Structures are given as C-alpha cells and as structure tokens.
Amino acid sequence: MTARQPAGPPQPRPTGPVGRDPRARPHDTPEHPRAANRRQGGAFLGGAGGRLLPASVPMRWFGLAVVAHLLAWGVLGASAAGWPAWHGGLRWPLAALHLATLGTLLASAIGASLQLLPVATRQAVRWPRAAGLLWWAYVPGLALLVAGMGLARPAWLAAGALPVLAVLVAWGVLTALNLRGARGMPGVVLHGWAALAALGLLVASAAALVALWNGQLPWSRDTLRALHGLAGPFGVMGMLVLGLSAILLPMFALAAVPDDARQLRSGNLATLALALAIAAALAPAGGLLLRGAALACGAAALALHVQAMRRVLAQGMRGDLGRSGRLIRLSWAMAAATLLLGLGGVVDESRGGDGDPFGRLAATCAVAGWLGSLLFGILQRILPFLASMHAALAKRRAPTPAALTAPLPLAVHEAGHLAALALLVPAVGWRSPGWLLAASVAGGVGAAGFGVFFATMLLRLHRAAPRT
Amino acid sequence: MIGLREDQARIWQAADGVLHIDVRGLPPPQPMIRILHLLGQLRDDAALVVHHERDPVWLYPELLQLGWWAETVPGEPGEVRLRIAHMP
C-alpha cells in the first residue's frame with residue numbers, strides 16, 4: 001500500500017544517493033572546514049553538526065547526575081543520626097541536599113538544555129568547546145562545596161562555590177544567547193527566560209549565603225534561605241522542566257506540541273506564582289496572603305500544564321511510555337502534593353503555628369518527588385535515544401535505543417525510588433533517623449540501579465560505535 | 001491524524017513512483033511525526049524522499065527502531081534531502 005498521492009509541487013530532479021559520511025563528526029558546522037569539505041563531496045549534513053554537541057558533553061553531565069544521585073543517598077544515610085538536630089545549617093544533611101540539587105537535578109538540566117535547546121529552537125550550539133569545558137570546572141567546585149558544607153568549613157565552601165557559580169553564570173549566558181535567537185516555540189522560550197531570571201536570584205542568594213557563613217554579610221539568613229529555596233527548585237529547575245516537557249513529551253509520544261497559547265498561559269501563571277512567592281519571602285508582613293496567591297497561581301499553572309501533557313500522551317502515536325511514563329505521572333502528583341503541603345503551611349501559620357512540618361515535607365516532595373521523578377522518567381528515555389542518535393551519525397548500522405537500554409536495572413531503580421519516597425515522608429515528618437536510614441537505603445538501591453543502566457548503555461554504545 | 005492538519009506538510013509522488021514529503025517550515029517534532037506517520041503507510045520495498053531544512057537528528061533513532069535507514073541525497077541550496085528506505 002502506498003500513501004495518498006496529492007498533487008504536489010514540481011517534481012524534484014532525480015539524484016544519485018550519496019551515503020552518510022562515516023567520518024562526519026557531530027560538532028561539524030557549516031563554518032567548520034570539515035563541513036565545507038563534505039559539501040564539496042556532495043554529502044551535506046545540513047546543520048546537524050551545528051545543533052549537536054559531541055556526545056561526551058551531555059553524557060558527562062548525565063554521568064555526574066548518576067554519581068551524585070548515588071552519593072546523595074549515601075551521605076544522607078551516613079548522616080541520618082544528625083538529622084533531628086539539623087535546621088538548615090552547614091553539616092552533612094545540607095551536603096546531601098546539594099548533591100541532589102546541584103549534582104543531580106541541575107547537572108541533568110544543564111546537560112539536557114545544552115543539547116536540546118539548540119535543536120528545539122532551530123539554531124546552532126554556541127561555543128561548543130566552552131560548553132564542554134564547563135563540566136571540568138563544575139565537578140571539582142561541587143566536590144569542594146559539598147565537602148565544605150559537610151565538614152562545616154566555610155572557607156572550603158567559598159572556594160567551591162566560586163567555580164560552581166561561575167559555571168552557572170556561563171551556562172546562563174549560553175542559554176540566554178540561544179533563547180535570544182530562538183525561532184518559534186514561544187512557550188519554551190518564556191519558560192527559559194523565567195528560569196534564567198531565577199538563575200540570577202539563585203546565584204545571588206547563594207553568593208550571599210556563602211558570604212554570610214564566612215561572616216561577611218549582616219543580612220537575614222532566613223530571608224536568604226527562603227529566596228534560595230524558591231529560586232533553585234521552583235525557579236530554575238521548575239521552569240526548565242515545565243518548558244522542556246513541552247519539547248520532550250511530544251518527542252517521546254510522537255505527538256504534536258501543545259498549542260502556544262496554552263503553553264504561554266501556563267508559563268505566565270507559573271512565573272507569576274514564583275514572583276509572588278519571592279515577594280512573600282521579602283515582605284513578611286503580607287507574607288501569608290502573597291504565599292496563598294502564589295500557591296493559587298502555581299496550582300493553576302500546574303493544572304494547565306498537566307492537562308496539556310496528558311493530551312499529548314493521549315494523542316501521540318506512542319501514548320504508552322511505560323516505566324518512564326509512570327514516573328512522569330508520579331511527578332505531576334508530587335508537584336500537586338508540594339502545593340497542597342505549601343497550603344497546609346499557610347493555614348497552619350495563619351492559626352499561629354510555625355508551619356512545621358509542612359515546609360520540610362513540601363521541600364522533600366518538590367526535590368525528590370516532583371523533580372526527581374520527572375528527571376529519571378525523562379533520563380531513562382532520552383539517554384538511549386541520544387546515544388543511538390550520535391551512533392547513527394557515525395555509523396550506518398547503529399544500535400537502536402531499545403538495544404541500548406536495560407530494563408532490569410530500571411525496574412530496580414523504579415522500585416527503589418518509590419520506596420524511598422514512601423519512606424522519606426515519615427522520615428522528614430517525624431525527623432526520624434531510623435526512617436531516614438531506611439529511605440536512604442531504598443534510594444541508594446534505586447540510584448545503583450540507574451547507575452547500572454547508565455553504565456550498560458555506555459558500554460553497549462562503545463562496543464557498537466567506539467568512536468562516538 | 002495525531003492533531004496535525006494535512007496541509008502542514010506537502011506530500012507528492014514523483015514520476016519514478018517515489019513518494020516525497022516536504023516538511024520545511026514545521027517546528028520540531030512535527031516533521032518527525034509526519035515522516036513516521038507516512039512511513040507507517042508505506043510498503044516494505046517503498047522509499048520516501050524527505051525535503052527538510054535541517055538534518056533531522058532525532059529522527060534517526062526512530063528510523064533505526066522501525067528498521068528504516070536514511071541517506072543524504074543532493075538537494076537545493078539550504079535544503080537537507082534524505083532518502084529513507086528499509087534496511088537492506
């Protein structure tokens with residue numbers, strides 16, 4: 001059976017096939033001499049190179065995320081006994097939290113955005129060499145930062161924060177240049193700009209907190225912590241995952257992207273929610289009212305987003321995303337739980353309470369439940385896809401994404417992740433070292449499962465296409 | 001039709017019987033969806049020529065998964081033209 005035969009434009013001249021040049025490197029661009037040579041030879045890789053980084057660049061960031069994820073659970077478990085006495089200061093619980101946020105969530109977001117935004121916005125990667133170098137400054141900085149937090153050494157913390165914040169600024173500049181030249185995708189672009197504005201606040205609040213811990217800044221620690229806690233998970237990560245979901249889910253499900261108007265409505269509401277929450281942190285007098293309004297806007301944004309994403313999955317050629325889809329759906333539920341817990345905190349404070357334990361539970365739901373579930377749901381799908389794509393550029397018979405995945409380790413990860421989430425709720429709610437230890441063991445098993453999946457994929461890719 | 005209008009991609013059959021699809025101007029991932037949808041309707045021995053404005057890098061893993069492969073063929077300036085056929 002052939003497809004329909006509508007009257008079309010003028011028929012193209014028949015041309016002889018020219019095979020894909022196996023020597024082509026993914027980062028070759030039209031400006032690059034190798035690309036020019038290919039064109040002279042007749043095979044034109046038309047801009048693939050421009051929009052693709054070398055595989056090693058995003059894979060390094062994802063590899064960091066995998067290792068930091070395992071370390072985060074390990075450090076959390078090892079420091080479980082100190083959990084009841086911890087109230088947000090320097091010590092290992094803070095180090096574990098930053099291994100999860102900076103090491104796992106943000107590292108994945110950097111790797112994904114460096115590779116995906118140029119593809120989505122249809123333009124070349126800017127400064128691919130610089131994009132590759134960022135990782136080398138980030139990793140030692142993060143290691144020093146985490147050690148400084150865990151060992152309560154403010155000088156180490158400052159020394160580690162410097163390269164980490166510099167990398168975040170550089171990544172922000174690369175992302176801003178990409179967004180500035182974007183063609184189409186206004187919803188993704190809006191979320192991107194909001195994430196960048198939040199990145200500015202994240203970097204500023206982080207620098208101020210480091211200065212505070214080093215005795216250099218006489219400012220309210222609580223206000224800075226509140227701003228930092230909003231800017232990181234909800235601002236940078238939240239806006240990025242909302243925006244990138246509008247690219248990734250249609251790609252996974254093979255569906256049309258949600259319409260621009262819906263994306264813009266959701267993005268505007270999410271941005272307003274973030275702005276109101278920041279205002280609440282800065283103006284304690286009207287804080288409860290502003291927080292209530294922020295939660296209402298956040299709930300409306302989430303509802304619009306989830307509705308659009310559910311439609312994508314329902315209409316796609318591949319509607320069932322399996323384990324990945326389950327984690328993504330779980331992440332939406334956890335995002336809703338985060339907002340409900342936030343509301344619980346507002347109600348409690350309006351009755352004279354201190355909002356405890358709603359704030360701690362909301363933070364846990366946001367970081368481990370919403371962002372963590374979404375991240376690993378997406379990563380387990382995109383990693384084999386990305387690897388296969390790079391292999392396909394180098395080799396005619398490249399391995400398929402299915403051949404690069406490993407279902408059993410992913411099943412272990414899913415079970416461990418779900419168990420860890422279930423155990424974290426009583427652990428955080430009751431400040432219980434025993435429950436926290438159990439959660440960290442379950443989470444560690446899940447993280448190890450994901451690590452085995454990642455290592456298996458890299459090994460299979462290397463065997464199939466050694467030069468990628 | 002997975003939420004896409006028919007007029008979003010031009011499809012025609014050349015004199016040699018080979019089917020062509022022009023997805024230039026469509027935002028990602030619509031070209032990929034249109035191409036995969038069309039491939040799903042083709043015979044195993046049929047081929048499809050794709051007229052694109054960029055190398056559809058995300059399409060290749062999907063093609064591999066379905067047993068198709070693509071080769072670049074000369075096209076107009078600024079065009080990426082691919083011939084997609086079943087794996088030999």
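Worth saying up front: this structure is predicted, and the values here are computed from it rather than measured.
For the side chain to side chain contact (heavy atoms under 4.5 Å, CB included) with B:Glu62, the lone residue among A:Met251, A:Met389, A:Arg318 that qualifies is A:Arg318.
For the pair B:Leu64 and A:Ser388, the minimum side-chain heavy-atom distance is below 4.5 Å. Between B:Pro29 and A:Leu254, the closest side-chain pair of non-hydrogen atoms is not below 4.5 Å.
In terms of heavy-atom pairs under 4.5 Å with chain B, the best-connected choice from A:Ala314, A:Pro384, A:Ala403, A:Ala402 is A:Ala402.
Separating the CH2 atom in B:Trp58 from the CG atom in A:Leu386 is a distance of 5.0 Å, to the nearest 0.5 Å.
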